[in-house]
Protein chains: 2
Amino acid sequence: MTKNSNHVQSVIRALEIIEFLNEKKEQGVTQIGEALDLDKSTVHRLVNTLRYKGYVNQNPVTQKYLNSYKLFEMGTIEIDRLGLIRRANPYLEHLASRTRETVNLAILDGPRAMYVEKIESTEVIKADIGVGRSYPAYATSLGKAMLAYTPREKVIRLFEKEGFTKFTPDTIGSLDELLAELKIIHRRGYAVDDQEFIPGLACIAAPIRMGSGDAVAALSISYPRYRYKSGGKEELSMVELLLEAAKRLSAEFGYEGGVND
Amino acid sequence: MTKNSNHVQSVIRALEIIEFLNEKKEQGVTQIGEALDLDKSTVHRLVNTLRYKGYVNQNPVTQKYLNSYKLFEMGTIEIDRLGLIRRANPYLEHLASRTRETVNLAILDGPRAMYVEKIESTEVIKADIGVGRSYPAYATSLGKAMLAYTPREKVIRLFEKEGFTKFTPDTIGSLDELLAELKIIHRRGYAVDDQEFIPGLACIAAPIRMGSGDAVAALSISYPRYRYKSGGKEELSMVELLLEAAKRLSAEFGYEGGVND
DNA sequence: ATACATGTTTCATTATGTGAAACGCAATAA
DNA sequence: TTATTGCGTTTCACATAATGAAACATGTAT
């Protein structure tokens, strides 16, 4: 790889072990060593260090290693920092009870939209995207809603090196196309994903804005496309509910409406 | 500290930086260096490595460093592994709607009970413990419920080096006391916390057991003590609901009832 | 019994991480 | 303007601290 001299080798290796254990689950030092091309004694030393710090446990019967829940514990503290979930929860509940569909809350994590909370639909057929997962922002309504209220230069910086994957025929395929769409979303106030990420899945999303006018997060409602006509009366009334919730939440985060830049 | 030679210094330092940023939030290299007694150039190199791997971001305006959400993302994958939350959710919902109190799901993380999911009470006065946080197992009903279905030797190993903190007058204060209580819980099938952790807070908890009979997790209902008489009819009927839910969930995890060891 | 897995420990070698000092830049003060 | 202070960053000579081959310990399967 790039031999950037101001990166610490052993730290990179240790993090790669954590990531590897996060993908697989229990792995032995030999297996880890083979996968990451390290001597097993090196792996053993690194893994021991991780265990000492509480990030990894050893299964006493198989002797293999697995990640602890420390990551989860620390991760939730990061998310809590904004008080986002706590503050958003009442609105999520309200939207869920009114629409009976799945509602989601996401933040922007670099060029990806990360789902941090959801309430599942009570319907049998429903949208279900896992909390803690993240997906390319350009392919989801949540992502687009946030990007539409993010400075243009930052959006360009985020995506100029990224490739655009066509998940479905309607997925946005280039930076220019994205920027054009963001302009429309900004004017309209909400974003729509009509099977741009997963065939059959539709979503509407609105930004939660802070004092500066930029988005801190976004709210969405997602449902199977067949249930409502695109742009129909039912869908538009859900948009109304969504916009109202987003507006109120934005107020809690210091956004004083009006301004439309 | 202990100069254990099979720990990798730079990895320990890097992890301590992550932990430090997790407590504080945005910190500069100088501040980090002062707190951890490292030269700022060393901190800079480590932090750069963490950024390269996506664990840390730099605030472009203040130039300070903060943790990314990668920890959260990875942490949730670990929790998902068992499918615990997904499987437990319908039971949590059922308990919540029947009791109107806060219901919780926890796993054992070493000697601590870690809350991984909850549904909040609809009451104005309610118990609310944060998801992702962990507390000493001996002081909570969830923890005790799990420990009661954990091999005795393992319990001893977990607590022989731990101190027992008296959070309230009724908190369990020694290993012997804990072992005696676990015996009772095992016989009865559920655990009770009557203001042993937080004054005014009461909980009942039951274990979710797997094929071996040991606990994988536990379910609880928590509420302000004043709302129900201890051991009264209302509380006992909640115990019934809880035991029923725990029994069914245990079946999903391969526990074939009957066996009482 | 034998061979072959595994994880662990040892230890000589030097690559690799270290911190003092210099640097560049921005904000503030004189 | 010209110092001054404070910050993150870069450089570099030095030696510490991380490395991997090999030996070891233990268990499992042949």
Side-chain angles (χ1 to χ4, degrees), chain A residues 1-22 24-68 153-154 157, chain B residues 1-22 24-68 153-154 157:
Chain A
M1 302 288 151
T2 29
K3 236 185 193 165
N4 191 326
S5 56
N6 63 348
H7 289 157
V8 179
Q9 188 186 65
S10 53
V11 172
I12 292 179
R13 289 175 168 183
L15 296 173
E16 277 167 357
I17 289 174
I18 291 183
E19 287 162 18
F20 181 67
L21 291 177
N22 198 237
K24 315 286 175 174
K25 39 186 175 182
E26 256 188 47
Q27 296 283 306
V29 289
T30 309
Q31 291 169 293
I32 297 170
E34 278 166 11
L36 304 181
D37 197 31
L38 298 172
D39 190 277
K40 59 181 177 159
S41 73
T42 303
V43 173
H44 182 259
R45 212 171 328 103
L46 291 169
V47 150
N48 234 307
T49 308
L50 293 171
R51 193 184 48 171
Y52 167 70
K53 290 298 294 175
Y55 291 80
V56 155
N57 294 135
Q58 187 172 30
N59 181 330
V61 2
T62 63
Q63 302 217 92
K64 297 185 175 198
Y65 293 91
L66 64 155
N67 281 343
S68 77
E153 314 78 58
K154 190 175 168 191
R157 192 156 11 95
Chain B
M1 303 287 151
T2 29
K3 236 185 190 165
N4 191 326
S5 57
N6 62 348
H7 290 156
V8 179
Q9 188 187 64
S10 53
V11 172
I12 291 178
R13 290 174 168 183
L15 296 173
E16 277 167 357
I17 289 175
I18 291 182
E19 288 163 18
F20 181 68
L21 291 176
N22 198 237
K24 314 288 177 173
K25 38 187 175 180
E26 256 190 47
Q27 296 283 305
V29 290
T30 309
Q31 291 168 291
I32 298 170
E34 276 165 15
L36 304 180
D37 197 31
L38 298 171
D39 190 278
K40 58 181 178 159
S41 72
T42 303
V43 172
H44 181 259
R45 213 172 326 104
L46 291 169
V47 150
N48 232 307
T49 309
L50 293 171
R51 192 183 51 168
Y52 168 70
K53 290 297 295 174
Y55 291 80
V56 157
N57 294 136
Q58 185 172 31
N59 181 331
V61 1
T62 62
Q63 302 218 93
K64 297 185 175 199
Y65 294 92
L66 63 155
N67 280 342
S68 77
E153 313 79 58
K154 191 175 166 190
R157 191 156 13 95

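Throughout, protein chains are lettered first and strands after them, A, B, ... in sequence-line order, and every chain is numbered starting at 1.
Put simply, the side chain of A:Leu15 reaches to within 4.5 Å of the side chain of B:Leu50, judged on heavy atoms.
A:Arg13 has no side-chain polar atom (N or O) that falls below the 4.0 Å cut-off from OP1 or OP2 of D:dA18. Between A:Ser10 and C:dG17, a side-chain N or O to OP1/OP2 separation shorter than 4.0 Å is present. At D:dT16, none of the side-chain N or O atoms of B:Gln9 fall inside 4.0 Å of OP1 or OP2 (strictly under the cut-off).
In this structure, CG of B:Leu50 is placed 13 Å from P of C:dG17, rounded to the nearest angstrom. One can place CG of B:Leu46 at 11 Å from P of D:dA18, the figure rounded to the nearest angstrom. Separating the CD atom of B:Glu26 from the C1' atom of D:dC7 is a distance of 14 Å, rounded to the nearest angstrom. Following rounding to the nearest Å, A:His7 (NE2) and D:dT9 (C1') show an atom-to-atom distance of 13 Å. The separation between A:Ile32 atom CD1 and C:dA5 atom P is 19 Å, rounded to whole Å.
In this structure, A:Arg13 and A:Thr42 approach most closely via the heavy-atom pair NH1-CG2, 4.1 Å. The nearest pair of heavy atoms linking A:Asn22 to A:Asn67 is N-ND2, 3.4 Å. Heavy atoms only, all atoms of each residue included: B:Ile17 and B:Ile32 are closest at CG1-CG2, 3.9 Å.
The structure places OG of B:Ser10 at 11.0 Å from CG of B:Leu38, a figure rounded to the nearest 0.5 Å. Interatomic distance, B:Glu16 CD to B:Leu46 CG, rounded to the nearest 0.5 Å: 10.5 Å. The line from OH of B:Tyr52 to CD1 of A:Ile12 is 5.5 Å long, rounded to the nearest 0.5 Å.
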Between the protein and nucleotides 7-10 of chain C, are there any N/O to N/O pairs under 3.5 Å, and if so, what are the atom names and distances?
unit_1	atom_1	unit_2	atom_2	d
C:dG7	OP1	A:Val29	N	2.9
C:dG7	OP2	A:Thr30	N	3.1
C:dG7	OP2	A:Thr30	OG1	2.3
C:dG7	N7	A:Lys40	NZ	3.2
C:dG7	O6	A:Lys40	NZ	3.2
C:dT8	OP1	A:Gln58	NE2	3.1
C:dT8	OP1	A:Tyr65	OH	3.3
C:dT8	OP2	A:His44	NE2	2.9
C:dT8	OP2	A:Tyr65	OH	2.6
C:dT8	O5'	A:His44	NE2	3.1

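Annotation: of the two residues near DNA chain C, A:Glu34 and A:Val11, the 5′-most nearest-nucleotide partner is A:Glu34.
Side-chain atoms of B:Arg51 and B:Asn48 include a donor-acceptor pair closer than 3.5 Å.
Rounded to 10 degrees, the angle separating the terminal helix axes of the helix from C:dA1-D:dT30 to C:dA30-D:dT1, each built from five base pairs, is 30°.
If you run side chain to side chain contact (heavy atoms under 4.5 Å, CB included) between B:Gln31 and each of B:Lys64, B:Glu26, B:Lys24, only B:Lys64 comes through.
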